[in-house]
Amino acid sequence: MRYVVIVVYRVFPDKRESFFNLVRKEADALVQNELGTLHVTNMIDQIDPNKLLNLKIFESKEAYEEHKSGLILKAFLKEADEMIIEGPNVIFEGIHMYSCDDYTLEQKSGEDMTAYFKR
């Protein structure tokens with residue numbers, strides 16, 4: 001079963017753009033290089049723009065455990081350290097139950113998206 005982790009960070013206001021660029025770089029590297037990392041979404045809080053959420057979907061809890069000790073995450077955390085006021089704080093960790101995107105992407109495109117989620 002897919003495994004979901006949501007992490008929250010609070011960054012220095014003058015480092016917000018640099019941090020956003022760094023999380024984007026990390027997200028791209030993860031989905032391209034970690035086969036167990038299926039999806040990464042980064043979000044900025046509307047009320048507190050210095051608060052960022054990071055949602056990652058893994059193919060399994062074991063893939064998440066591998067991710068935690070991976071070089072990409074270690075490099076990200078090292079570079080992000082000077083930008084972060086608070087975090088990373090895991091605010092959710094659990095099993096992925098359902099996502100309407102799985103269905104709607106397939107329906108909208110007319111393609112069988114199953115392979116995407118099983119790579």
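Values reported hereafter were calculated over all heavy atoms of this structure, with side chains retained and with hydrogens, waters and symmetry mates removed. What you see is a predicted model; the values in this text were computed from it and never measured.
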Pairs flagged by salt bridge (charged side-chain N to carboxylate O under 4.0 Å, His left out) wherever residues 40-51 is involved - sequence neighbours left out: Arg10-Asp48
Considering all heavy atoms, the nearest [X]-[Y] contact:
X	Y	answer
Val23	Asn42	O-ND2, 3.6 Å
Ile95	Met1	CG2-SD, 3.6 Å
Ile44	Pro49	CG2-O, 3.5 Å
Ala29	Ile72	O-CD1, 3.6 Å
Val8	Ile91	CG1-CG2, 3.6 Å

With sequence neighbours excluded, residues passing ring-ring contact (aromatic ring centres under 6.0 Å, His included) with Tyr64: Tyr3, Phe58
Quick one: list whatever passes side-chain contact (heavy atoms from CB on, under 4.5 Å) with [X], sequence neighbours left out.
X	answer
Met43	Thr41, Leu53, Leu55
Glu79	Leu22, Lys25
Glu62	Ser60
Asp28	Gln32

Only distances under 3.5 Å count here; give the side-chain donor-acceptor pairs of residues 11-21 to other protein atoms, sequence neighbours excluded, each with its distance to 0.1 Å.
residue, atom, partner, partner atom, Å
Arg16, NH1, Asn50, OD1, 2.7
Asn21, ND2, Glu17, O, 3.3

Atom pair CD (Glu26) and CG (Leu77), whose distance is rounded to the nearest 0.5 Å: 7.5 Å
Approximate separation, where rounding is to 0.5 Å, of Leu38 CG and Glu59 CD: 6.0 Å
For [X], give me all partners under salt bridge (Lys or Arg N to Asp or Glu O under 4.0 Å), at least two apart in sequence or on another chain.
X	value
Asp81	none
Lys78	none
Glu66	none

Ionic contact status for Glu93 with Lys56, cut-off 4.0 Å: no
Chi angles and distances behind the side chain to side chain contact (heavy atoms under 4.5 Å, CB included) call for Val40, Val31: CA-CA 7 Å; Val40 180; Val31 296; 4.1 Å; yes
Chi angles and distances behind the side chain to side chain contact (heavy atoms under 4.5 Å, CB included) call for Val90, Phe92: CA-CA 6 Å; Val90 175; Phe92 178 85; 5.9 Å; no
